[in-house]
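Bear in mind that the values here come from a model prediction, so they are computed numbers and not experimental data.
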Amino acid sequence: MSADPTQTLAFDTSCHLFDGCGFPAPGLHSFMFEPLWGDADGNGLYFNKPMLLALLGSVIIVGFFWAAFARPKVVPGKLQMIAEAGYDFVRRGVVYETIGKKEGEKYVPLAVSLFFFIWMLNLWSIIPVASFPVTSIIAYPAVLAALVYITWVSLTFKRHGFVGAFKNFTGYDKTLGPVLPLSMTIELASNLLVRPFTHAVRLFANMFAGHTLLLLFTIASWYMLNGIGIAYSGVSFVMVIVMTAFELFIQAVQAYVFVLLTCTYIQGALAEHH
């Protein structure tokens, strides 16, 4: 990675087609940033761009809902109407549909917070200057998945006790006969090991791949902006626009899927095991 932190896209802007330099393809270096504050060599704490975007995203989400509901009106204004529509979408369209109204009401704040926080972190990818999805760094989805995992496991033990939780995690069914031990082992590994891993990786991988494709076409547009390559550069730029529109859709879908899976896990923890 370039030592110049001003190179937001982490590629050589002086390199063009027919200039005798190779294509500066995006890679892992595109997801690494120089510290804005502190030392990245392990000597103390440091603060970088993704951390700043995560912090700003939190402030924006809290500020938006605070402004929308600070003085709620019977006839809502535009801001309150948008906030209510978003809140109601998660509450009715995800929580109620998955967990049920009676049991699910207490988990609405968690679901709403996760949905809008993840969506905001994803949206940074297409916002000028920011141009980076925070969730493309595995640490952020991993922490969110761990939060859901702890909530789900603790809720399962609280609702069913140790024996009931064990049956819940292992899918205990005595009618399986001789294959029951194998089935229980697979279910236990799937629920307690694979589930939190896939929950985090699904979000991370989609955002990582999407950002890489956006970088690829953006860098290609600049790289081919030279001589006869200008025609190819135009095609690549069209792909940047197409991919940006597609990313807008994927960003919302990934936030929705993460919250939907969260509610599914909670519903499984609340369900009675027979």
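At least one donor-acceptor pair under 3.5 Å links the side chain of Ser233 to the backbone N or O of Ser221. In terms of modelled atom types and a separation under 3.5 Å, the side chain of Thr98 and the main chain of Val95 share no donor-acceptor contact.
Within 6.0 Å of CZ on Phe246 lie no more than 12 heavy atoms contributed by other residues, nucleotides or ligands.
Inter-residue side-chain proximity for Pro26 and Ile219 is flagged as met; some heavy-atom pair is nearer than 4.5 Å.
Here Phe166 and His160 keep their ring centres 6.0 angstrom or further from each other. Separation of the His211 and Phe132 ring centroids falls under the 6.0 Å cut-off. Between Phe116 and Phe64, the gap from one ring centroid to the other reaches at least 6.0 Å. Between Phe208 and Phe31, a ring centre-to-centre spacing shorter than 6.0 Å is recorded. Annotation: Phe65 is not in aromatic contact with Tyr87 [ring centroid separation under 6.0 Å not met].
For the residue pair Leu53 and Leu121, the shortest heavy atom distance occurs at O-CD2, 4.3 Å. In terms of heavy-atom proximity, Leu123 sits nearest to Gln251 at CD2-OE1, 3.3 Å. Taking both residues in full, the closest heavy atoms of Gln254 and Arg202 are given as OE1-O, 3.6 Å, listed atom of the first, atom of the second, then distance.
Ion pairing between a basic and an acidic side chain is recognised when a charged N comes within 4.0 Å of a carboxylate O; Glu103 and Arg159 show such pairing.
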- What do the steps show when you test Thr135 against Asn122 for side-chain hydrogen bond (donor to acceptor under 3.5 Å, both in side chains), and what is the final call? CA-CA 6 Å; Thr135 47; Asn122 293 348; 2.4 Å; yes
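For Phe157, the side-chain contact (heavy atoms from CB on, under 4.5 Å) test picks out Val153, Phe162, Ala165, Phe169, with sequence neighbours left out.
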